[in-house]
Novice: 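Before I ask anything, let me first share the structure, which is written out below as structure tokens.
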Amino acid sequence: MRAVDPLGQPSAPFFGVFSRGLVPPLARELRGWALLAAGSLAVAGLLALLLAASRTPVLGGLLPWGPAFFRTALVTHVVFSFIVWYLAFLGALSVVATARGGGSRAAGLGMAGLVLAVLGSGLLLVPTLAEWGEPSLNNYVPVLVHPLYYLGLGLLGLGVTLAVLRLFANAGGWRDPVVAGTLAAGACLLVAMACFVLAWLAIPSGQDVSSVNERLFWGGGHVLQFTNTALMLTGWHLLAGLAAGEAPLPPRLFGAAMAALVLFVLPAPAFYALFPVMGWEHREAFTLLLRYGLVLSPVVMGLGLVALFWRRRAVLRWTSVPMLALGLSILVFGIGGVFGYFLGVSDTRTPSHYHAVIGGVNLTFMGLMLAFLLPLLSRMPDESRAVRLQFPLYGLGQLMFSVGMFAAGAAGVPRKTAGAEQGLDSLGKIASMAVTGLGGLVAVIGGAMFVWISLRWLLARPRHG
Amino acid sequence: MADLLRTRWDQLAAAFVLAAGLGLFAAMPLWRWAGAPPQSRVAAIDVAEFEQRVEDFVAAHGTGEVEDGLPVVAPPPGEVPVIARRWQFYPALRLEAGQRYELHVASTDILHGFALEGAGADLLLPGGSAGVVTLVPQAPGRLAIQCSEYCGIEHNRMRAWVEVVGPQ
């Protein structure tokens, strides 16, 4: 079986500078971010197992934690699978884009950023395992209300910010889509960080802690979705290059699609001056940013990809790792995006939407890890059956999970409930939730396979020559 | 020539995408200004006084039934006071289809949301404030009420139903 190799044919012309490989300091940094990314999913998976065990009758009694551990573990599971995993990918792509620009300014910022991000992520585990602080399941960045938890999040954010600043110091070649996409993601991250700080300063004293957390992470959390989208589209560009040997969009058009994302987040910090941070207008303003700002760029990129697939249909290998990752990512993300326009107030259509779009982004990152980052680090997993099987398992499992949830929500099943509270009083609701459960199980198997494969290769000795 | 065409097409497409982005960006405030339902005004209340008003209302219009631990009221058309508090809407409402009700909803503790299906309403209520939602239920059935602002660990269970019955 042919190995996936961005350094060799047919993708060498597409990847240009990477045929020279990475200089050792950048390679070390890249491996660090990749380990943090894969490790964050491993931690998230272990916490998911622990929280499931904590609710199992006999097993729960054997664990050293009390019954409240379920929510504590849930908070940190979400943070690792949704925040650390994505930000670590931004760190990784910032190294790739820095190498692409060929710059070597502010080199210390890159490693310092990685160290802070790892330290911050590790710190999050301390209050979790010690069960310190009340869990708060607010939107975007759920937290344990404990100083160490906020410190951990702060260090993680600061670390990724430093990596982004290093990229800005070295940003050459805006017309290179990898550089343009990562710069756009980085710019959105800087705006998100500004929003977190502004919210912290603006929230009046005397508020309930749940309201504080909700409004602290509301604005920046919305802006972070632009970061994630820019990263995913950059990932689509890279995977398309690996799969088809050609970019889906010409450089200026890709740059414009990225600029269209950044355009929407630039006024976000001003919202803190325009609207009271605890008010209705503040909440609506950020909701509108997502509704209007996150459509255009993925659609433009999607059209470019469809055109590329059509042009290259004779030579595309549909079962290759980059093609599987890319195709499934577009499918799952697209369906999730459409679901987003049919949300109810409080039924399971909301989680169906975000599980699908998150699943779409995850598929891209998984593909990038196995087909791009590992080969870049001279670690090249063969396209074994397990490597290829992981993508349909995760992608189709996630799709079943989301479609089942959407159908259940449309039939009136409330979100974030379990057991009798779900009111599964019709065959349609029961069937929908059964599809959801089965899809979730299949996706977990695919996700676990990814973590195993990527960690195994990241921890193995590199292959040279 | 082919390269020139490709470059020109790239420039035109990029300009179009940027213009579309700017158009969408402009559409945000325009949508808010032209068509979006505005947030109803909320006003500060005396919490103890409002709670007493609700208890008097329950005593006057209670059916004697209890749903999910809450007394059920079946008031005549007009003003209906409702308390939003961690993590319930008090009391449970039974309203008549085709009649006009003014729900005076007050948060008596912290920041809550009041999203009512069928009324297109989504109030944001700081603790110690009240807002008004007008509701004319169209047909018998159930309308969902949900807190739309995270308010603590049981936020997702802060939901209730308005039971809509046919003309009595």
Side-chain angles (χ1 to χ4, degrees), chain A residues 68 71 134-139 142 175 206-215 217-218 249-264 266-267 276 278-285 288-289 291-293 295-297 299-300 304 344-347 412 414-417 421, chain B residues 6-32 36-42 86-87 109-117 121-127 131 142 144-159:
Chain A
R71 280 168 170 155
E134 283 292 310
S136 172
L137 289 167
N138 51 280
N139 281 292
R175 290 201 185 153
Q207 301 289 325
D208 183 78
V209 70
S210 52
S211 304
V212 170
N213 284 319
E214 176 70 358
R215 292 310 175 114
F217 294 110
W218 181 258
L249 293 181
R252 281 191 195 83
L253 183 52
F254 185 86
M258 290 297 121
L261 282 177
V262 178
L263 174 74
F264 275 83
L266 286 179
M278 304 305 290
W280 184 84
E281 289 82 2
H282 179 91
R283 190 175 74 180
E284 287 299 299
L288 287 177
L289 271 191
R291 195 169 293 162
Y292 282 84
V295 186
L296 182 65
S297 303
V299 167
V300 169
V345 173
S346 63
D347 58 52
R415 67 185 289 202
K416 290 189 181 172
T417 52
E421 280 182 1
Chain B
R6 201 173 298 136
T7 309
R8 183 56 54 87
W9 183 85
D10 184 11
Q11 284 170 343
L12 281 173
F16 176 76
V17 165
L18 278 178
L22 282 168
L24 277 170
F25 189 74
M28 276 195 304
L30 287 178
W31 180 84
R32 286 285 327 121
Q39 154 81 331
S40 303
R41 274 193 313 130
V42 294
R86 279 180 158 174
W87 286 284
D109 48 23
I110 65 165
L111 188 63
H112 289 290
F114 180 85
L116 172 59
E117 181 189 1
D122 188 3
L123 291 178
L124 188 69
L125 299 163
R142 295 209 303 173
I145 301 173
Q146 169 75 32
C147 177
S148 56
E149 176 76 12
Y150 180 76
C151 59
I153 203 72
E154 300 288 354
H155 160 69
N156 281 296
R157 293 186 186 172
M158 188 166 166
R159 45 189 289 126

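Just the heavy atoms: all of them, side chains too, but no hydrogens, waters or symmetry mates, feed the values below. Throughout, a chain's letter reflects where its sequence line sits, starting with A, and its residues are numbered from 1.
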Novice: For A:S210 and B:R86, work out which heavy atoms get closest and say how close.
Specialist: OG-NH2, 3.2 Å

Novice: Check whether any side-chain heavy atom of B:L111 sits under 4.5 Å from a side-chain heavy atom of A:E214, and report yes or no.
Specialist: no

Novice: What heavy-atom pair brings A:R283 and B:L124 nearest, and what distance separates the two atoms?
Specialist: NH1-CD1, 3.6 Å

Novice: Among A:S136, A:G279, A:S297, who wins on heavy-atom pairs under 4.5 Å with chain B?
Specialist: A:S136

Novice: Would you mind telling me which of A:A257, A:A256, A:P135 has the largest number of heavy-atom pairs within less than 4.5 Å of chain B?
Specialist: A:A256

Novice: How close do B:Y150 and A:L137 get, counting heavy atoms only, and between which atoms?
Specialist: OH-N, 2.8 Å

Novice: How long is the gap from CG on B:L18 to CZ on A:R252, to the nearest 0.5 Å?
Specialist: 12.0 Å

Novice: Drop me the distance from A:N139's CG to B:H155's NE2, to the nearest 0.5 angstrom.
Specialist: 7.0 Å

Novice: Where does B:I153 contact chain A at under 4.5 Å (heavy atoms): side chain, backbone, both or neither?
Specialist: both

